[in-house]
Structure formats: structure tokens, C-alpha cells
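Below is one structure, written out as C-alpha cells; the observations come after it.
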Amino acid sequence: MTELKTKAARRDIAIPDRLAECLREAKAASTSEYVIANDDGGPLSYSQFKNLWRFIIVRTAKPRIAKKKVGGKYVKYMLYPELGAMAKNNGKVQYVLDFEVTPHQLRHTYITNLIAAGVDPKTAQYLAGHENSKITMDIYAKAKYNRPEDVAPALADAFAMWNE
């Protein structure tokens, strides 16, 4: 992708040290300038990314419709994977995720955790790539700030300081 949706879309993202270490190891093993690259060392195409993501999805222990060939025709059936089990039709696949995940869910999880961890709204806005913090707060603030039961103790503490 060469064009970004907005100016705010171009940004540096902080990541945990352990993740950075894993990415450095993957990069060291790569002959490409990309950490995850296609066979020619270039960026993944849309279809290549979809295939990579399918690699992740088939490892989720989420009930889903599957297909198998019976008598020359594909028949749909319900698959109920168990966490930790190996796939019956592919001994290389182990069900290791107990939730369904999408790339956009990872984005939401990241930003929600920033807010919940007390990262200030302007920093969260920058990391989300939003043009203003109102967008960020409207979408994500409920994770931390939708707690009216915390208001009374906070006010009591504030008013207690006036009496000192």
C-alpha cells in the first residue's frame, strides 16, 4: 500500500520488548527487507495476507462449518475443535487459540489496552492514527471511563484535600 487514508495514518507504534525480540529474530532469518515477505522478498499481496491469516484462523478452537470430500462431492459439516487438540485431517494443525481473531480486533485490543493502562488520550489518538482525540475517546473510552461508581470516592478525595 503506497497511499495512506489520512496524514495521521503514518506513525511509529511502541511494542513490548518481547515482541520486538521475536520480530528481530524473524527479520534476522529473513533475506528480505520485510519481516514477513512473499517468496520474492517483497511485501505480501492481499491474497497472500489472506492465506497467512487463514493459517491463524484454522488454529482457533471455534465451532465452524467445514467441508470434506465424500463420494467425489464436497459435503458441509460442523467442526467443533477442542483447544490443544490436533486437527483430524491435518496432523500439523493444532488448535491453540480459544477465540476468533481478526486483524481489526487486534487493533481494537491494542488501543483499548492503551486506554485501560492509563495512556493519555492524545497518545492513544496518535497510536490509533485518528485525526483527533474525540474519535479515539468516543470509541475506546468506555473501556476505562464508563465507571460511575469511581466518581464518588474520587470526589471525596478531592474535597478532603480542601479541608487540610
Side-chain angles (χ1 to χ4, degrees), residues 1-6 8-119 121 123-130 135-147:
M1 187 167 160
T2 55
E3 285 188 34
L4 299 174
K5 200 163 115 179
T6 66
R10 176 82 176 149
R11 61 208 180 272
D12 293 325
I13 304 295
I15 58 175
D17 291 339
R18 179 65 186 121
L19 176 57
E21 182 182 321
C22 289
L23 292 172
R24 279 190 206 97
E25 288 173 13
K27 178 69 177 102
S30 174
T31 57
S32 169
E33 67 177 297
Y34 299 97
V35 175
I36 300 172
N38 65 22
D39 291 340
D40 298 327
L44 297 180
S45 67
Y46 178 74
S47 61
Q48 289 169 324
F49 178 79
K50 281 185 73 168
N51 288 336
L52 175 64
W53 201 256
R54 193 174 301 120
F55 178 88
I56 295 166
I57 295 301
V58 299
R59 285 155 175 77
T60 63
K62 175 191 173 284
R64 58 185 168 271
I65 295 173
K67 293 187 285 186
K68 65 181 172 182
K69 209 170 194 176
V70 177
K73 293 185 175 184
Y74 282 101
V75 178
K76 291 181 180 180
Y77 67 99
M78 281 302 293
L79 176 65
Y80 297 96
E82 291 184 27
L83 190 63
M86 301 300 285
K88 290 182 174 80
N89 64 339
N90 185 346
K92 294 180 180 178
V93 172
Q94 182 178 17
Y95 302 115
V96 294
L97 297 173
D98 62 353
F99 57 91
E100 184 178 6
V101 64
T102 66
H104 204 74
Q105 284 175 318
L106 296 176
R107 170 188 167 78
H108 281 290
T109 300
Y110 177 73
I111 300 165
T112 299
N113 282 314
L114 290 175
I115 298 293
V119 171
T123 300
Q125 168 213 332
Y126 168 77
L127 294 170
H130 294 146
I135 294 168
T136 309
M137 297 309 287
D138 286 350
I139 296 170
Y140 299 101
K142 60 185 171 274
K144 179 172 176 125
Y145 299 108
N146 191 13
R147 298 173 49 150

Can you give the donor-acceptor pairs under 3.5 Å from side chains of residues 68-94 to other protein atoms, not counting sequence neighbours?
from  : atom 1 : to    : atom 2 : distance (Å)
Asn90 : OD1    : Lys92 : N      : 2.9
Gln94 : NE2    : Gly84 : O      : 2.8

Non-neighbouring partners of Asp138 that pass side chain to side chain donor-acceptor pair (under 3.5 Å), sequence neighbours left out
Lys134
Atom pairs and distances, donor-acceptor, side-chain atoms in residues 35-51, under 3.5 Å, two or more places apart:
from  : atom 1 : to    : atom 2 : distance (Å)
Asn38 : OD1    : Asp40 : N      : 2.9
Asn38 : OD1    : Gly41 : N      : 2.9
Asn38 : OD1    : Gly42 : N      : 2.8
Asn38 : ND2    : Pro43 : O      : 3.2
Ser45 : OG     : Ser47 : OG     : 3.2
Ser45 : OG     : Gln48 : N      : 3.2
Ser45 : OG     : Gln48 : OE1    : 3.3
Gln48 : OE1    : Ser45 : N      : 2.7
Asn51 : OD1    : Arg54 : NH1    : 2.7
Asn51 : ND2    : Ser47 : O      : 3.4

To the nearest 0.5 Å, tell me how far Ile111 CD1 sits from Ile115 CD1.
8.5 Å
For the backbone of Ala116 and the side chain of Thr112, can you confirm whether one donor and one acceptor N or O come within less than 3.5 Å of each other?
no
Distance-only check: which donor-acceptor pairs under 3.5 Å involve side-chain atoms of residues 15-28, not counting sequence neighbours?
from  : atom 1 : to    : atom 2 : distance (Å)
Arg18 : NH1    : Glu21 : OE2    : 3.1
Lys27 : NZ     : Ser32 : O      : 2.4

Could you pull out all donor-acceptor pairs under 3.5 Å where a side-chain atom in residues 102-109 meets a protein atom, sequence neighbours excluded?
from   : atom 1 : to     : atom 2 : distance (Å)
Thr102 : OG1    : Gln105 : N      : 3.0
His104 : NE2    : His108 : NE2    : 3.1
Gln105 : OE1    : Thr102 : N      : 2.7
Arg107 : NH1    : Ala128 : O      : 3.0
Arg107 : NH2    : Ala128 : O      : 2.9
Arg107 : NH2    : His130 : NE2    : 3.3
His108 : ND1    : Tyr140 : OH     : 2.8
Thr109 : OG1    : Gln105 : O      : 2.8

Sorted by chain and residue number, the salt bridge (charged side-chain N to carboxylate O under 4.0 Å, His left out) partners of Lys62 (sequence neighbours excluded) come out as Glu100
For Ile56 and Val101, work out which heavy atoms get closest and say how close.
CG2-CG1, 4.1 Å
If we ignore hydrogens and angles and just use 3.5 Å, is the side chain of Arg11 paired with the main-chain N or O of Leu127 as donor and acceptor?
yes
